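Heads up, the thing below is written out as structure tokens.
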2 protein chains.
Amino acid sequence: MGDSMTDPLSRTFLALADPTRRAILAQIADGAQTVNAIVAANGLSQPGISKHLKVLEGAGLIRRERVAKTRPVHLDAAGLQQAAGWIDHYRQHWEGAFDRMDALIDRLQAEEAKNGRQ
Amino acid sequence: MGDSMTDPLSRTFLALADPTRRAILAQIADGAQTVNAIVAANGLSQPGISKHLKVLEGAGLIRRERVAKTRPVHLDAAGLQQAAGWIDHYRQHWEGAFDRMDALIDRLQAEEAKNGRQ
DNA sequence: AAGTTATATTTCCTTACGGTAATGTAAATC
DNA sequence: GATTTACATTACCGTAAGGAAATATAACTT
């Protein structure tokens with residue numbers, strides 16, 4: 001079963017940790033698609049796809065409408081934004097680290113130049 | 001075993017899909033920490049932490065040095081950048097979607113205003 | 001060289017994941 | 001109202017993940 005005890009961020013990252021599910025997101029990125037279209041695109045069984053869709057929905061990465069007898073699948077930005085937000089926190093960190101490393105390199109080169117002149 | 005058959009992006013997202021591992025990354029974000037320090041911080045057994053570290057290392061999210069008998073664990077930005085890169089692709093997409101939605105709303109409001117004036 | 005410290009590896013267990021096949025259900029069509 | 005279409009749910013299977021306990025290894029200390 002879809003483990004609803006795990007935190008939202010874990011669910012989101014877990015949902016993204018599967019190539020089939022990322023392919024589904026890629027497929028619906030520029031427009032909703034029916035479940036059958038998704039089944040046709042990926043080489044998987046229909047129940048298999050439905051299961052993946054459930055995981056993606058539980059992670060807030062997709063939404064589903066009801067249009068006649070089809071259930072078009074839409075990309076939902078909210079889930080992705082949450083994951084992006086978490087990573088961005090570290091992005092600032094590592095960019096800061098790069099800046100500090102650049103500064104260190106500059107200082108070392110300055111030292112080297114000075115020593116060269118002695 | 002560490003499944004080296006899965007693609008790098010899946011490994012990275014899977015590594016991020018665990019609160020303990022994210023806590024480890026948070027802990028070493030502003031400086032390397034020894035394994036024991038990480039064990040002490042999280043309430044987990046030492047083998048458990050070593051296993052998590054292996055997953056993080058396999059995903060390119062951490063690196064390990066050898067300093068005397070300790071093995072300090074460093075954050076590795078490369079893995080995070082890859083994950084961020086993937087998400088960023090969709091970020092552009094959904095920001096585009098938001099822009100289009102804004103434009104639509106503007107148009108609808110313009111229509112409404114015009115109809116109101118009739 | 002023996003003991004201690006720091007960490008890795010192995011073993012074992014339980015639970016979750018990814019997949020298929022079979023069946024159920026809701027809506028359109030005849 | 002019976003049938004088809006589109007999809008969900010159930011049941012089941014194999015494999016992998018997450019955890020603890022026990023053991024192994026590697027380096028420092030005395």
Side-chain angles (χ1 to χ4, degrees), chain A residues 1-25 27-28 31-59 61-74, chain B residues 1-25 27-28 31-59 61-74:
Chain A
M1 276 264 151
D3 191 347
S4 62
M5 288 303 288
T6 55
D7 62 294
L9 204 47
S10 295
R11 275 208 301 270
T12 300
F13 280 129
L14 186 64
L16 294 177
D18 182 282
T20 300
R21 287 193 290 259
R22 291 198 304 275
I24 292 174
L25 294 179
Q27 189 182 349
I28 65 173
Q33 302 253 343
T34 69
V35 176
N36 269 352
I38 296 171
V39 170
N42 305 270
L44 223 64
S45 71
Q46 178 261 313
I49 293 294
S50 281
K51 217 157 155 187
H52 281 303
L53 291 177
K54 204 166 192 175
V55 174
L56 289 168
E57 191 176 31
L61 290 167
I62 64 169
R63 282 171 300 118
R64 285 138 127 178
E65 284 183 89
R66 165 148 256 154
V67 172
K69 53 183 170 178
T70 78
R71 311 274 315 253
V73 179
H74 296 260
Chain B
M1 280 258 137
D3 190 347
S4 61
M5 289 301 287
T6 56
D7 62 294
L9 204 48
S10 295
R11 275 209 301 271
T12 300
F13 280 129
L14 186 63
L16 295 177
D18 182 282
T20 300
R21 288 193 290 260
R22 290 199 306 276
I24 292 172
L25 294 179
Q27 190 181 348
I28 65 173
Q33 302 254 343
T34 69
V35 175
N36 269 353
I38 296 171
V39 170
N42 304 270
L44 224 64
S45 71
Q46 179 263 313
I49 293 293
S50 281
K51 215 158 155 187
H52 282 303
L53 292 176
K54 205 167 194 177
V55 174
L56 288 168
E57 191 176 31
L61 291 167
I62 64 168
R63 281 169 302 116
R64 284 138 127 177
E65 284 184 90
R66 164 148 256 153
V67 172
K69 53 184 169 176
T70 79
R71 311 272 317 254
V73 179
H74 298 260

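The chains referred to below are lettered A, B, ... by the order of the sequence lines, with proteins before strands, and numbering in each begins at 1. Heavy-atom basis, side chains included; hydrogens, waters and symmetry copies ignored. These numbers were taken from a predicted model, which means no experiment stands behind them.
- Comparing dG18(D), dT20(C), dC28(D) by their closest approach to the side chain of Asp18(B) singles out dG18(D).
- Residue Glu65(B) contributes atom CD, which lies 17 Å from atom P of dA6(C) at whole-angstrom precision.
- Side-chain proximity of Lys69(A) to dC7(D), dC28(D), dT5(D): nearest is dT5(D).
- Taking atom CD of Gln33(A) as the reference point, atom P of dC7(D) lies 11 Å away to the nearest angstrom.
- Atom CG of Leu53(A) sits about 5.0 Å away from atom CD1 of Ile24(A), to the nearest 0.5 Å.
- For Ile38(A) and dA6(D), the CD1 to P distance is 14 Å, given to the nearest whole Å.
- The side chain of Lys51(B) approaches dG19(D) more closely than any other nucleotide in the set dT20(C), dG19(D), dT7(C).
- Looking at heavy-atom distances under 4.0 Å, Ser45(A) makes contact with a base.
- Closest to the His52(A) side chain, of the nucleotides dG18(C), dA6(C), dG18(D), is dG18(C).
- With DNA chain C read from its 5' end, the first of the two nearest nucleotides for Asn36(B) and Leu44(A) is the one closest to Asn36(B).
- When each of dT7(C), dC28(D), dC7(D) is scored by its nearest atom to the side-chain atoms of Gln46(B), the top-ranked nucleotide is dT7(C).
- Taking side-chain N and O atoms only, Arg64(B) has no distance below 4.0 Å to OP1 or OP2 of dT7(C).
- Atom CG of Leu53(A) is separated from atom C1' of dG19(C) by 15 Å (rounded to the nearest Å).
- In this structure, Leu16(A) places its CG atom 16 Å from C1' of dC17(C), rounding to the nearest Å.
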I would like to know whether Ile49(A) and Lys54(A) meet side chain to side chain contact (heavy atoms under 4.5 Å, CB included); could you show each step before the answer? CA-CA 9 Å; Ile49(A) 293 294; Lys54(A) 204 166 192 175; over 6 Å; no
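- In this structure, Ser50(A) does not reach the dC7(D) phosphate: none of its side-chain N or O atoms is under 4.0 Å from OP1 or OP2.
- OP1 or OP2 of dA26(D) has not a single side-chain nitrogen or oxygen of Arg66(B) nearer than 4.0 Å.
- Distance Lys54(A) NZ to dC7(D) C1': 12 Å, rounded to the nearest Å.
- Here dT25(C) presents its P atom at 15 Å from CZ of Arg71(A), a figure rounded to the nearest Å.
- Test Thr34(B), Leu25(B), Val35(B), Leu56(B) against Val73(B) for side-chain contact (heavy atoms from CB on, under 4.5 Å) and you get one pass: Val35(B).
- One interatomic measurement links the two molecules: CD1 of Ile49(A) to P of dT9(D), which rounds to 15 Å at whole-angstrom precision.
- When each of Ala68(A) and Pro72(B) is assigned the nucleotide of DNA chain C bearing its nearest heavy atom, the one mapping closer to the 5' terminus is Pro72(B).
- At a threshold of 4.0 angstrom between heavy atoms, the contacts of Gly48(B) with the nucleic acid are absent.
- Here Glu57(B) does not pair with Arg63(B) in a salt bridge; the nearest charged N to carboxylate O distance is not below 4.0 Å.
- Atom-to-atom distance recorded for Thr12(A):OG1 and Leu16(B):CG is 11.5 Å, nearest 0.5 angstrom.
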